[in-house]
Amino acid sequence: MFVGAGTVVNVGAVLVGSGIGLLVGNRLPARTRAVVTDGLGLVTLLIAGLSAVAVTDRVLSDAVGPSAPVLIVLGAVVIGGVVGSLLRIEHRLESSGGWLQARLGGSGDEGARARFVEGFVTASLVFCVGPLTILGSITDGLGGGAEQLLLKSALDGFASIAFAASLGAGVMASAIAVGVIQGSFTLLGAVMGSFVPEPHVVALSATGGVLLVGVGLRLLNIRPVAVGDMIPALLVAPLLVQSVIWLR
């Protein structure tokens, strides 16, 4: 299998799943679509918890000390959130969704545009924020195989069915974000080689879990957390780990 095949399969899974979801969604009442969205929110929180628990991993505590892991995740989320808000990442994601809706879905009314943007932003965050996106793409780029991304493709394919059924065509457009982001990390892995030590990966996983909690809260309509603005935290976490290791 060629390098980058995992991303190609992942994009295809999102497109196919979204297409099925759109066909099914039109036949479901609004109440049923709301229940599906709530279910996705709860499962997203489950996945977030499984990722965030990596903060207790001994590999990380041995590298930075027993009291540092939680502070590293906290620092990554805060610093990443400040950087992301200054760069207006969330706003740019929403603007991209609006632009795609105008290009692909027609102008429509304001409600249709808002639904398209919500579907695009939410699905893009769920499919691209998780640590498996980065780790799987880098592993694929290193020539280590696409097994991680193939697993992610199966998960994203089923998730996109449910997302598209409740959030509409914007979910299908998120395949573009999947292709660009995972393709970029695959290229990075191919160019730079293995550069992420295990403690750094653990911190990234825990931070990604915290960000996914925000996605879950959005899906459950509890609070519209600007998770997009926090995406730089995924880069800040490994840098903080390395800084602490240097200072020890």
Side-chain angles (χ1 to χ4, degrees), residues 1-28 33 36-37 39-41 43-44 46-48 51 89-90 92-105 112 115-141 145-187 189 208 211-212 214-216 218-219 227-228 231 234:
M1 189 174 288
F2 61 90
V3 172
T7 295
V8 173
V9 172
N10 205 162
V11 169
V14 172
L15 290 174
V16 172
S18 299
I20 295 173
L22 289 174
L23 291 175
V24 173
N26 291 332
R27 294 169 172 79
L28 296 177
R33 293 198 298 269
V36 170
T37 303
L40 285 170
V43 173
T44 299
L46 172 62
I47 297 172
S51 297
I89 294 177
E90 180 88 4
R92 295 178 192 277
L93 279 173
E94 292 177 352
S95 297
S96 298
W99 181 84
L100 285 171
Q101 194 272 341
R103 292 281 181 171
L104 303 177
R115 186 165 181 257
F116 187 98
V117 170
E118 180 65 19
F120 171 74
V121 173
T122 301
S124 295
L125 289 171
V126 171
F127 297 154
C128 299
V129 163
L132 194 58
T133 298
I134 299 175
L135 303 182
S137 299
I138 290 176
T139 299
D140 190 12
E147 287 78 9
Q148 291 177 322
L149 288 184
L150 293 179
L151 172 61
K152 178 178 180 294
S153 298
L155 296 173
D156 290 354
F158 284 111
S160 63
I161 295 175
F163 273 128
S166 57
L167 299 177
V171 177
M172 182 174 286
S174 70
I176 298 173
V178 172
V180 171
I181 292 175
Q182 290 188 183
S184 298
F185 279 112
T186 299
L187 179 61
L211 267 59
L212 283 176
V215 176
R218 287 176 66 135
L219 288 170
V227 181
I231 288 177
L234 297 175

[X] side, atom [atom1]; [Y] side, atom [atom2] - distance, nearest 0.5 Å:
X    : Y    : atom1 : atom2 : result
I181 : T7   : CD1   : OG1   : 10.5 Å
L150 : L155 : CG    : CG    : 11.0 Å
S160 : I20  : OG    : CD1   : 7.5 Å
F163 : S174 : CZ    : OG    : 8.5 Å
N10  : K152 : CG    : NZ    : 4.0 Å
C128 : D156 : SG    : CG    : 8.0 Å

Heavy-atom side-chain contact between [X] and [Y] under 4.5 Å:
X    : Y    : result
Q182 : D140 : no
L149 : V9   : no
I161 : S18  : no
F116 : L167 : no
M172 : V14  : no

Closest approach of V121 to R218 (non-hydrogen atoms, all atoms of both residues): CG1-NH2, 3.7 Å
Minimum heavy-atom distance between A159 and F127, given as atom pair plus value: CB-CE2, 4.0 Å
